[in-house]
Amino acid sequence: QGQLVESGGGLVQAGGSLRLSCAASGRTFSNYYMGWFRQPPGKEREFVTVISWIGSAAYYADSVRGRFTISRDNAKNTVYLQMNSLKPEGTAVYYCAAGRTKWGSTSLSEYDYWGQGTQVTVSS
């Protein structure tokens with residue numbers, strides 16, 4: 001059974017940066033595209049970004065494009081999310097996810113494995 005574990009969340013001031021990590025185990029995750037989603041307080045989980053199997057392509061939500069960067073290191077089974085110029089509306093639980101069936105999907109249903117999430121709080 002595959003497992004994803006996020007880390008790196010915390011409290012940061014608006015304009016600051018954080019780097020999230022997602023460590024994968026139990027599967028050959030180089031066979032999966034990897035995404036990040038987030039769930040703000042009281043709202044539904046939403047797509048943030050996704051990266052292809054070998055990291056050659058990525059898509060971003062309009063709200064984070066130009067500020068966030070996704071990357072992966074398949075040798076370490078780890079995916080990263082570099083978040084710069086953070087805004088208070090970025091406060092959310094951030095989730096890592098892995099999928100195989102529909103590259104580029106922004107839909108939660110197209111991802112097979114999920115982490116437990118890491119809290120990011122951006123103060124104004």
Heavy-atom nearest pair, Ser21 first then Thr78, reads CB-CG2, 4.3 Å
Taking every heavy atom of Pro88 against every heavy atom of Ala14, the minimum-distance pair comes out as CD-CB, 4.0 Å
Donor-acceptor contact present, side-chain Ser107 to main-chain Ser105, <3.5 Å | no
Give a yes or no on whether the backbone of Ala97 and the side-chain of Trp114 come within a donor-acceptor separation of less than 3.5 Å. no
Taken in chain and number order and not counting sequence neighbours, the residues that satisfy side chain to side chain contact (heavy atoms under 4.5 Å, CB included) with Thr121 are Leu11, Thr91, Gln119
Taken in chain and number order and not counting sequence neighbours, the residues that satisfy side chain to side chain contact (heavy atoms under 4.5 Å, CB included) with Thr101 are Tyr33, Glu110
Worksheet item: Is there a side-chain contact (heavy atoms from CB on, under 4.5 Å) between Gln13 and Val122 once you walk through the steps?
Response: CA-CA 5 Å; Gln13 287 189 332; Val122 185; over 6 Å; no
Exactly one candidate in Asn84, Leu86, Thr49 meets side chain to side chain contact (heavy atoms under 4.5 Å, CB included) with Phe68; the answer is Leu86
Which of Met34, Gln1, Arg100 passes side chain to side chain contact (heavy atoms under 4.5 Å, CB included) with Tyr113? It is Gln1
ask   = With no hydrogens and no angle check, do the side chains of Thr28 and Ser30 hold a donor and an acceptor under 3.5 Å apart?
value = no
Taking side chain as C-beta onward, heavy atoms only, is [X] less than 4.5 Å from [Y]?
| X | Y | value |
| --- | --- | --- |
| Ser71 | Gln82 | no |
| Thr118 | Leu20 | yes |
| Arg45 | Leu108 | yes |
| Thr69 | Leu81 | no |

Lys NZ or Arg CZ of Arg19 over Tyr80 ring: under 6.0 Å, within 45°:
yes
Distance col, row Glu6:CD vs Cys22:SG, nearest 0.5 angstrom, shows 5.5 Å
CD1 (Ile51) and CZ (Arg72) are apart, to the nearest 0.5 Å, by 6.5 Å
>> Let's go through Gln3 and Arg27 carefully: what are the C-alpha distance in whole Å and the side-chain angles of both, what is the deciding distance for side-chain contact (heavy atoms from CB on, under 4.5 Å) to 0.1 Å, and is it a yes or a no?
In response: CA-CA 8 Å; Gln3 184 177 14; Arg27 283 286 186 271; over 6 Å; no
| message | I'd like to know if Val50 and Leu4 are part of one continuous hydrophobic network [Ile/Leu/Val/Met/Phe/Trp/Tyr, side-chain heavy atoms within less than 4.5 Å]. | response | no
Mind listing the side-chain donor-acceptor pairs of residues 55-63 below 3.5 Å, one per line with the distance, residues two or more places apart or on another chain?
from  : atom 1 : to    : atom 2 : distance (Å)
Ser56 : OG     : Ser52 : OG     : 3.4
Tyr60 : OH     : Ile70 : N      : 2.9
Asp62 : OD1    : Arg65 : NH1    : 2.6
Asp62 : OD1    : Arg65 : NH2    : 3.2
Ser63 : OG     : Arg38 : NH2    : 3.4

Of Tyr95, Tyr94, Tyr111, the one forming a ring-ring contact (aromatic ring centres under 6.0 Å, His included) with Phe37 is Tyr111
query = Ring centres of Trp36 and Phe47 under 6.0 Å apart?
reply = no
